[in-house]
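See structure below.
No experiment lies behind these values; they were computed from the predicted model shown.
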2 protein chains.
Amino acid sequence: MKKTRITDSHTRQKIFRAATEVFELKGYAGARMQEIADRAGINKALLHYYFRSKDQLFMAVFQVLLKKMFEKITAIFQADLSFKEKIRLFLDQHIDFLIKNPKLPMFLLNEMSVNPSITESIKETLHYGELRDMIYEKHSKELKGYGIRKSDMPQLMITVVSMSIFPFAAREMIAVMIPQMLDNRKFNSFMLERKEFAADFIFSALKHRKK
Amino acid sequence: MKKTRITDSHTRQKIFRAATEVFELKGYAGARMQEIADRAGINKALLHYYFRSKDQLFMAVFQVLLKKMFEKITAIFQADLSFKEKIRLFLDQHIDFLIKNPKLPMFLLNEMSVNPSITESIKETLHYGELRDMIYEKHSKELKGYGIRKSDMPQLMITVVSMSIFPFAAREMIAVMIPQMLDNRKFNSFMLERKEFAADFIFSALKHRKK
DNA sequence: TCATAGATTAACTGTTTAGTTTAACCAAAA
DNA sequence: TTTTGGTTAAACTAAACAGTTAATCTATGA
């Protein structure tokens with residue numbers, strides 16, 4: 001078998017994947033280096049050989065996952081579509097994405113909540129600053145037609161994004177009230193139905209909004 | 001000074017309050033018994049004198065907080081009001097409640113996500129089972145008028161609840177995109193505005209929903 | 001007034017955890 | 001062939017941590 005540089009080696013990837021799983025499941029404080037090593041099928045010494053410390057390993061994982069999440073959210077709003085088309089596309093693609101990564105929202109949200117400074121080092125990497133204003137400018141006519149002013153955009157966008165993210169983050173809470181939701185098949189089909197429910201809900205709200 | 005039974009003593013309350021703060025801030029795995037003792041202004045031994053173990057202390061706190069959250073959510077939907085009035089009242093009171101307990105949603109959601117079995121012992125205590133079906137029966141006429149079938153209720157209720165909860169749970173994520181949101185005053189007034197935004201949004205959506 | 005029970009403390013114990021060290025092994029590259 | 005870098009097992013360290021112990025304090029009721 002070929003041996004290459006440490007960076008991007010096969011083992012490094014195995015470790016990274018294992019670390020991603022464990023951190024997503026348990027969070028930073030609950031994760032154990034030993035468990036990560038076990039899952040990667042390697043020795044704890046080797047783990048520290050590739051990633052000096054738990055912090056470094058965590059930051060590597062966190063950075064990639066946060067980027068992944070933001071990319072999914074922002075990418076769609078870059079496209080050349082009407083605002084409504086973007087929303088429909090977003091709900092469709094983002095819910096598909098979250099069905100494949102159901103623990104991702106809770107992991108990111110919680111780590112940021114528990115340790116807000118965590119994002120400081122990455123804020124430049126995410127350069128969405130452009131996006132924030134751009135979205136409104138691009139669709140100002142369409143949005144004014146719905147009675148949405150520029151100052152309403154945060155309210156609107158948070159509402160849209162919560163449509164897909166919240167049910168995943170709150171899954172266990174929901175399962176307390178609706179026990180069937182513990183079943184993966186049922187929960188996933190609930191989320192697939194939600195694509196249309198959410199789109200209809202948002203469009204109806206936009207269509208007849210009070211000024 | 002009078003000495004009374006262990007239950008409900010002053011010290012016990014001090015410990016409980018300190019534990020609540022620390023657990024809400026750091027989560028179970030991140031919390032330290034020493035920090036709880038320090039905040040309560042007592043010795044670590046005394047902490048174990050009142051609550052045998054970290055687990056027992058945590059469960060006591062968790063149970064109270066979960067109940068607090070559920071009570072707020074369900075209480076309003078018991079009242080004798082129209083569905084729309086209930087929603088308006090819910091958003092008003094729940095957002096006020098969360099402004100006073102901003103870390104509560106993330107704490108509960110995360111602990112349940114990381115350790116789903118945590119609710120098992122409390123499920124009976126929460127007896128909302130009644131509520132689930134009752135809400136639709138009570139408002140079936142009104143809701144049918146909006147094109148909401150019984151099977152749509154989970155989608156609708158999750159949407160309503162996410163309106164108030166999500167921004168608090170996702171506050172740090174939001175702050176990455178809207179830096180002003182780091183400021184408490186600005187965030188709180190954003191949430192106060194949200195009462196009306198959310199109510200209007202939901203009512204407009206209900207008024208003209210596709211069947 | 002003093003015996004007692006509960007409240008509180010300082011110091012200690014035992015365990016878990018991140019991280020290190022060492023010695024040996026192996027495959028490929030030089 | 002020698003060197004180099006990846007890999008292992010195992011033992012180890014130091015710090016952090018939950019939990020315990022034994023002694024002290026304090027109010028109070030007999």
Side-chain angles (χ1 to χ4, degrees), chain A residues 1-63 107 110-111 114-115 117-118, chain B residues 1-63 107 110-111 114-115 117-118:
Chain A
M1 203 194 285
K2 258 193 189 171
K3 305 284 174 87
T4 50
R5 298 225 125 252
I6 267 188
T7 317
D8 294 335
S9 74
H10 173 62
T11 305
R12 197 183 172 84
Q13 286 179 43
K14 275 201 304 181
I15 293 173
F16 193 88
R17 266 195 288 271
T20 302
E21 289 172 25
V22 175
F23 281 132
E24 274 195 4
L25 277 168
K26 315 264 178 98
Y28 175 82
R32 299 289 166 249
M33 294 299 266
Q34 187 60 60
E35 190 183 346
I36 294 173
D38 291 347
R39 271 202 203 217
I42 55 138
N43 188 293
K44 194 156 64 91
L46 195 59
L47 209 163
H48 283 92
Y49 176 73
Y50 278 93
F51 298 87
R52 274 209 196 339
S53 67
K54 187 182 181 182
D55 280 79
Q56 278 193 35
L57 177 53
F58 176 78
M59 284 310 295
V61 168
F62 181 81
Q63 194 158 344
F107 168 70
N110 184 251
E111 294 306 330
V114 162
N115 176 16
S117 66
I118 206 176
Chain B
M1 202 193 285
K2 260 194 189 168
K3 302 285 174 88
T4 50
R5 300 223 123 253
I6 265 189
T7 316
D8 294 334
S9 75
H10 174 63
T11 306
R12 197 183 172 84
Q13 286 178 44
K14 275 200 306 179
I15 293 173
F16 193 88
R17 266 195 290 271
T20 302
E21 288 172 26
V22 176
F23 281 131
E24 273 194 8
L25 277 168
K26 314 266 178 97
Y28 175 82
R32 300 288 165 250
M33 294 299 266
Q34 187 61 62
E35 191 184 344
I36 294 173
D38 291 348
R39 273 203 203 218
I42 54 139
N43 189 289
K44 195 157 61 85
L46 194 57
L47 210 162
H48 283 92
Y49 175 75
Y50 281 93
F51 299 87
R52 274 209 194 347
S53 66
K54 187 180 182 183
D55 281 78
Q56 280 193 33
L57 177 53
F58 176 78
M59 283 310 295
V61 169
F62 181 81
Q63 194 160 343
F107 168 70
N110 184 252
E111 295 305 331
V114 160
N115 176 17
S117 65
I118 206 176

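Pairs engaging residues 42-60 of chain B under the salt bridge (Lys or Arg N to Asp or Glu O under 4.0 Å) rule: none recorded [sequence neighbours left out].
If you take CG of B:Leu47 and C1' of C:dA10, they are 16 Å apart, rounded to a whole angstrom. Between A:Gln34 atom CD and D:dA10 atom P there is a gap of 12 Å when expressed in whole angstrom units. The CG-C1' distance, from A:Leu46 to C:dA18, rounds to 16 Å in whole Å. Note: CG (B:Asp38) to P (D:dC17) measures 12 Å, nearest angstrom. Rounding to whole angstrom units, CD of residue B:Glu35 and P of D:dA18 are separated by 10 Å. Atom P of nucleotide C:dA7 and atom CD of B:Gln13 are separated by 13 Å, given to the nearest angstrom. What separates OH of B:Tyr50 from C1' of C:dT9 is a distance of 13 Å, to the nearest Å. The distance from atom NE2 of A:His10 to atom C1' of C:dA27 is 15 Å, rounded to the nearest whole Å.
Counting only heavy atoms from C-beta on, B:Arg32 has its side chain closest to D:dA18 among C:dA18, D:dG6, D:dA18.
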I'd like a list of close polar pairs between nucleotides 19-22 of chain D and the protein, N/O only, cut-off under 3.5 Å.
unit_1	atom_1	unit_2	atom_2	d
D:dG19	OP2	B:His48	NE2	3.4
D:dG19	OP2	B:Lys54	N	2.6
D:dG19	N7	B:Lys44	NZ	2.8
D:dG19	O6	B:Lys44	NZ	2.7

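Using a 4.0 Å cut-off, no side-chain N or O of A:Ser9 falls inside it from OP1 or OP2 of D:dG6. Residue A:Tyr49 places none of its side-chain N or O atoms closer than 4.0 Å to OP1 or OP2 of C:dG19.
Residue contacts for B:Gly41: at a heavy-atom cut-off of 4.0 Å it reaches no nucleic acid atom on any strand shown. A:Ala37 comes within 4.0 angstrom of no nucleic acid atom, judged by non-hydrogen atoms across all strands.
Every residue two or more places apart in sequence or in another chain that forms a salt bridge (charged side-chain N to carboxylate O under 4.0 Å, His left out) with A:Arg39 is listed here: A:Glu21, A:Glu35. Scanning for side-chain contact (heavy atoms from CB on, under 4.5 Å) contacts around A:Asn43 gives A:Ala45, A:Leu46, with sequence neighbours left out. For B:Asp38, the side-chain contact (heavy atoms from CB on, under 4.5 Å) partners are B:Gln34, not counting sequence neighbours. Judged as a side-chain contact (heavy atoms from CB on, under 4.5 Å), and not counting sequence neighbours, the contacts of B:Ala19 are B:Phe23, B:Ile36, B:Leu57, B:Val61. For B:Phe16, there are no ring pair (Phe, Tyr, Trp, His ring centres under 6.0 Å) partners two or more places apart in sequence or in a different chain.
Geometrically, A:Arg12 does not engage A:Tyr49 in a cation-pi contact defined by less than 6.0 Å to the ring centre and at most 45° from the axis.
Side-chain contact between A:Lys26 and A:Arg32 is absent, with no heavy atoms from C-beta onward closer than 4.5 Å.
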Applying side-chain contact (heavy atoms from CB on, under 4.5 Å), run through B:Phe62 and B:Phe107 and close with a yes or a no. CA-CA 9 Å; B:Phe62 181 81; B:Phe107 168 70; 4.0 Å; yes

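Contacts of residues 16-30 of chain B with DNA chain C (heavy atom under 4.0 Å): none.
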